[in-house]
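Comments concern the structure below.
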Amino acid sequence: MFSIAYYDRFFEDKNDPKSRMSANGESSFMFGAFSAGLYLILGICSLPSVAEQMTKAQWDLVYGPVAWVALAFGTFHVMCQG
């Protein structure tokens, strides 16, 4: 699904099926992957078996700065898409 046929603006040469990604495409892909990874951490920490083992400091770290960075990366991902 991630090909020039669907996302031609993310590739340097729109006519070459083996074209390299542009800087905009690479940035969007990177921020999307980073935000997905951080949201995965948030999801794992919300499981009852994990949440009950976390201290208040760990909880505040995960659902404070980590959540805000995940949100920022998701926003950058969408902004790179245009």
Side-chain angles (χ1 to χ4, degrees):
M1 179 158 174
F2 188 75
S3 68
I4 293 178
Y6 292 106
Y7 299 103
D8 61 343
R9 66 179 179 265
F10 289 155
F11 293 89
E12 292 176 355
D13 184 8
K14 296 171 182 22
N15 298 321
D16 183 12
K18 295 183 180 180
S19 177
R20 297 176 60 114
M21 290 181 73
S22 65
N24 193 22
E26 288 180 1
S27 297
S28 177
F29 199 86
M30 178 190 71
F31 284 123
F34 285 169
S35 69
L38 290 176
Y39 281 123
L40 181 66
I41 291 170
L42 291 170
I44 290 171
C45 291
S46 71
L47 294 172
S49 60
V50 176
E52 64 188 23
Q53 300 296 322
M54 291 175 64
T55 65
K56 179 166 176 25
Q58 292 170 334
W59 185 267
D60 289 342
L61 174 71
V62 170
Y63 288 102
V66 173
W68 282 107
V69 169
L71 183 63
F73 282 169
T75 302
F76 294 150
H77 165 71
V78 173
M79 287 175 61
C80 288
Q81 288 183 352

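Sequence positions, counted from 1, serve as the residue numbers for this chain. Treat the numbers as computed from the prediction; the structure is a model and nothing was measured.
Residues Ile41 and Leu38 have side chains in contact (heavy-atom distance under 4.5 Å, counting atoms from C-beta outward).
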Side-chain polar contacts of residues 73-82 - donor-acceptor pairs under 3.5 angstrom, sequence neighbours left out - could you list them?
residue : atom : partner : partner atom : Å
Thr75   : OG1  : Leu71   : O            : 2.9
His77   : ND1  : Ser28   : O            : 2.7
His77   : ND1  : Ser28   : OG           : 3.3
His77   : NE2  : Gln81   : NE2          : 3.2

Taking only distance into account, with no hydrogens and no angle test, what donor-acceptor pairs under 3.5 Å do side-chain atoms of residues 59-70 form with protein atoms, sequence neighbours excluded?
residue : atom : partner : partner atom : Å
Asp60   : OD2  : Lys56   : NZ           : 3.1
Tyr63   : OH   : Leu42   : O            : 2.8
Tyr63   : OH   : Ser46   : N            : 3.2

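Distance check, rounded to the nearest 0.5 Å: CE of Met54 to CG of Leu47 gives 11.0 Å.
Among residue pairs with one or both ends in residues 13-25, none qualify as side-chain hydrogen bond (donor to acceptor under 3.5 Å, both in side chains); sequence neighbours excluded.
Scanning all heavy atoms of the two residues, the minimum distance from Gln53 to Gln58 falls at O-OE1, 4.1 Å.
One hydrophobic cluster, built from ILVMFWY side chains closer than 4.5 Å, cannot hold both Phe34 and Phe29; they sit in different ones.
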